[in-house]
Amino acid sequence: MLEYIKGLNEAQKEAVLHINGPLMIVAGAGSGKTKVLTTRIAHLLSTGVDAFNILALTFTNKAAREMKERVERILGNNEARNLYIGTFHSVFARILRAEAPKLGYPHHFTIYDTDDAKSVVKTVVNELNLDDKHYKPNIVYNRISQAKNGLIGPAEYATDYYIQQEDARSNRPAIAQVYEAYAKRCFKNGSMDFDDLLLKFYELLKHFPESLHKYQHKFKYILIDEFQDTNPAQYEIIKLLGAVYENVCVVGDDAQSIYSFRGATIENILQFQKDYDDVKVVKLEQNYRSTQSIITAANEVIKRNKGQIPKNLWTENIEGEKIRLVRTMTDNDEGKYVADTIQEQKLRNHFNNRDFAILYRTNSQSRAFEESLRRMNIPYTIYGGISFYQRKEIKDFISYLRVIVNPSDEESLKRIINFPARGIGKTTLDKAVLMANENNISMWAVLCNAASMGFKAGTLEAIEQFVQMIKSFASMLNTKNAYEVATHVGKQTNIVRELFNDKTTEGLARYENIQELLNSIKEWVDNQQNMALIDEDGILIDNRDTQETQKGQAGLSGYLQQITLLTDTDQKDPEADTVKLMTIHAAKGLEFSCVFAAGLEESLFPNAMSINTREELEEERRLFYVVITRAKHKLWITYANSRYRFGSVIQNDPSRFIEEIPEDQLDRSYAGGGIKNQVGSWSGRPAYDRLNRGYGSGDDAATKSRESAKPTYISSSAKTPAPVHIPSLDFAPSDTSHLAAGDKVEHQKFGFGEVVRMEGSAHNPIATVNFKLGGEKKIMLNYAKLRIIKES
DNA sequence: CGTTACCAGATTTTT
DNA sequence: TCTGGTAACG
């Protein structure tokens, strides 16, 4: 008997012991899915499969890391390090890094995150002379992304009847052109967005038979986690890779499909069974995670969705407590209630902080919980929200590093060309872009040949200095590791010193962020140098082609390559003894003893953006299913009568999902009117309570919230406007070239005054004027308009 | 050219 | 409330 098989149930064993041929595991929530996957990998290895031939794909780095660790634990040796486990995006990025030149991209292509991509969309929309009010980058980008995830290129997009109909209907018929221009621009920039990592890898396999052959034979065994969240691009890639051996194992749960907005489709589950003969299907239906009460509630909720794979999730666990429904007056009260309850539960039932999770629909809900937890001194960790790498100062710094590695990256180049200010302003930038487009060369090339481009002398000097600086940084790439280059850049550009000298609170925070970035680069470098090169067979990374031969893997380009694919979820330690705050999406795959499902209100959850079609609503319901099934022992569902949004109060009805939980699993005793008294001792912002008039009336929630969107009683701190001078009717700027001290003048805004003294140089004269209203001001005569009233 | 002050618009989820 | 874009000022 194999040691690792012990403790598996029959279905689990069946899945683990299946070695060759396609396998589909339908794994209900909490049914031991990860255990099965990892044990199966261990089993494959112990039956003689070479670790180098196994590919396991997940959706998050966290899941990948966990899988790797668990396999290691089962095996008890370090054979697991040779496995190819990672996210779709990171694995493909890594392969593309070696193969990109076949597709015309540089080895060191830049990976654009969503913000970068939207910014490119925006420039392209403007260059096509389209109205960016109508062609909003967000909408256009999503449309393009959706197309890419469906493996639809610009040409096909432009000719697809239904797509064109849709765009015509939304009055955005030019999206096809934008798509084409966008793709061209990214290519010219030597960069790929997230979707390109899939699309381009697909193209590689499709158009280069020798590459296809290579990876088909490398990855003899393929495992896919969270299969319900794959999109058509991912599906087709797997299909290509697995076509020879057909040892493809997919694990998924259609009830937990929550990423259709990103192009994922449950169809893939059905398609899988059509595309392969003899798919072995194993259902894991026994839940080991939650109480019966929770499972019953979850089953009842999900039942309301149409068209599911029939399955029956059950558990042998105890019945457990009922689900507590909690109503509070405001979002702050909700936060307070949750923090209080956590405190109480810790004392009463000896829970640790890490046993609690507060899960919500939107990131913006985190604030109320943050405040109340901080007030109670309960340690917490927030996942998601604005990632570290999206902060302005970090992006700026990273942009330097990107330009050094890939100067074609116009997006990054534009960010840093005048940061810190070096006299290359908007005018110059526009000119450079124009010339790049006209001559069909990169902006970098324009800058390199600035001398022949007719810039003004001062500007030219600034540009040449900038180019020289970047070139000198780039020359370090061959000999220095990422950390060495980064610190050098920080010093030479003065970024670090400038932030250091900024003593404002924000400046301090920014300085610390940069330091943290440098530290993390250092850490990464150290890690890389300790790590053996796992690709001994030389298939994936061909070091001869990269600049990293001398420094192992620790080069700057390697660092940049992975940084974009990192989410802050991946950086935080899940074992830390803190309360976890995150969106439900981010909580997929996790479990907690005690879960607070917060903000169960109409228009928040289900979210107003997602109730237009049956499909959307069903996805929201699956999200609700996911949040319920995160809980092991205790589950609270909370909602507030009113909450702050954009600085004003809105009111929502309780979520329709609440009623979908069977009454006998629900403890409503916390949902009465008594909550106000319970939390009354604590008044976050007393003004709120006066606002909560007439909740629970049968009014249409949507109308109500819209009407109350701009309450008049919240007066934003009224600032008295500075006294404005009304210029004389006959105000006309005088010739000020002979202005002298003692002259009486009028200024459009500052009013009347007298010139105190003259300074500055001949071509940039500055007059110090003492105004009756505003006191002394320095006026630059080259720009400011003054009327001379009386010469002295 | 660079800085500041004001106003509009945004929030659904994420690799 | 916060951010980004723009206009006006120096």
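The structure displayed is predicted, hence computed values, not measured ones. Computation of the quantities below employed the complete heavy-atom set of this structure, encompassing side-chain atoms and omitting hydrogens, waters and symmetry-equivalent molecules.
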Open item on the list: Please report the distance, rounded to the nearest Å, between OH in A:Y383 and C1' in B:dT14.
Closed with: 16 Å
Open item on the list: Return whichever of A:T427 or A:E619 has its heavy-atom-nearest nucleotide of DNA chain B closer to the 5' end.
Closed with: A:T427
Open item on the list: Please pick, from B:dT14, C:dT1, B:dT15, the nucleotide with the shortest atom-to-atom distance to any side-chain atom of A:R367.
Closed with: C:dT1
- [ ] For A:F605, answer base if it contacts any base atom (sugar-phosphate contacts may also be present), sugar-phosphate if it contacts only those atoms, and nothing otherwise; contact means non-hydrogen atoms under 4.0 Å.
- [x] nothing
Open item on the list: What is the separation between atom CG on A:L617 and atom C1' on B:dT13, rounded to the nearest whole Å?
Closed with: 15 Å
Open item on the list: Rounding to an integer number of Å, can you tell me how far A:Y625 OH sits from B:dT13 P?
Closed with: 24 Å
TODO: Could you work out which one of B:dT11, B:dT12, B:dT15 sits closest to the side chain of A:T114?
DONE: B:dT15
Open item on the list: Is the phosphate of C:dG4 approached by A:K122 (side-chain N or O, under 4.0 Å from OP1 or OP2)?
Closed with: no
Open item on the list: Between C1' on B:dT15 and CZ on A:F88, what's the gap in Å once rounded to a whole number?
Closed with: 11 Å
TODO: Can you tell me the distance, in whole Å, between the CZ atom of A:R645 and the P atom of C:dC2?
DONE: 16 Å
Task: Nucleotide B:dT12, atom C1' - distance to CD of A:E620 in whole Å - done: 8 Å
Open item on the list: Once rounded to the nearest 0.5 Å, what's the spacing between atom CG of A:D253 and atom CZ of A:R622?
Closed with: 10.0 Å
- [ ] Assess the pair A:F261 and A:H585: is the distance between their ring centroids shorter than 6.0 Å?
- [x] yes
TODO: For A:K588, report the nucleic acid contact type (base, sugar-phosphate, nothing); a contact means any heavy atom under 4.0 Å.
DONE: nothing
TODO: Just call it for A:N418: base, sugar-phosphate, or nothing, with non-hydrogen atoms closer than 4.0 Å on any strand.
DONE: sugar-phosphate
TODO: For A:F59, report the nucleic acid contact type (base, sugar-phosphate, nothing); a contact means any heavy atom under 4.0 Å.
DONE: sugar-phosphate
Open item on the list: What I want to check is whether an N or O donor and acceptor connect the side chain of A:T583 with the base of B:dT14 at under 3.5 Å.
Closed with: no
Task: 5'-most by nearest nucleotide on DNA chain B - A:R262 or A:K133 - done: A:K133
Open item on the list: Expressed as a whole number of angstroms, how long is the span from A:D115:CG to B:dA10:P?
Closed with: 15 Å
TODO: Identify whether any heavy atom of A:S364 sits under 4.0 Å from a base atom; if not, whether one sits that close to sugar-phosphate; answer base, sugar-phosphate or nothing.
DONE: base
- [ ] Return the nearest nucleotide to the side chain of A:T87; candidates are B:dT12, B:dT13, B:dT15.
- [x] B:dT15
- [ ] Using distance alone, with no hydrogens and no angle criterion, decide if A:Y182 and A:D193 have a side-chain donor and acceptor under 3.5 Å apart.
- [x] yes
Open item on the list: Ignoring hydrogens and geometry beyond distance, is a side-chain donor-acceptor pair present between A:Q651 and A:S642 at under 3.5 Å?
Closed with: no
Task: Atom-pair distance (CG on A:D331; C1' on C:dT1), nearest Å - done: 13 Å
- [ ] Carefully, step by step, assess A:S603 and A:N652 under the rule side-chain hydrogen bond (donor to acceptor under 3.5 Å, both in side chains).
- [x] CA-CA 7 Å; A:S603 88; A:N652 291 323; 3.1 Å; yes
- [ ] Please assess A:I224 against A:V251 for the test side chain to side chain contact (heavy atoms under 4.5 Å, CB included), listing each intermediate value before the final yes or no.
- [x] CA-CA 6 Å; A:I224 316 291; A:V251 188; over 6 Å; no
- [ ] Compare side-chain N and O positions of A:N138 against OP1 and OP2 of B:dT11 and report whether any pair is under 4.0 Å apart.
- [x] yes
TODO: Remember a base hit wins even if backbone is also touched, and classify A:K136 as base, sugar-phosphate or nothing at under 4.0 Å, heavy atoms.
DONE: sugar-phosphate
- [ ] Tell me what A:S610 touches on the nucleic acid: a base, only sugar-phosphate, or nothing, going by heavy atoms under 4.0 Å.
- [x] base
Task: Ring-on-base stacking B:dT13 with A:F261 (under 5.5 Å, under 30°) - done: yes
Open item on the list: Under 4.0 Å from OP1 or OP2 of B:dT14: is there any side-chain N or O of A:N363 that close?
Closed with: yes
- [ ] State which of B:dT13, B:dC1, B:dT12 makes the closest approach to the side chain of A:H585.
- [x] B:dT13
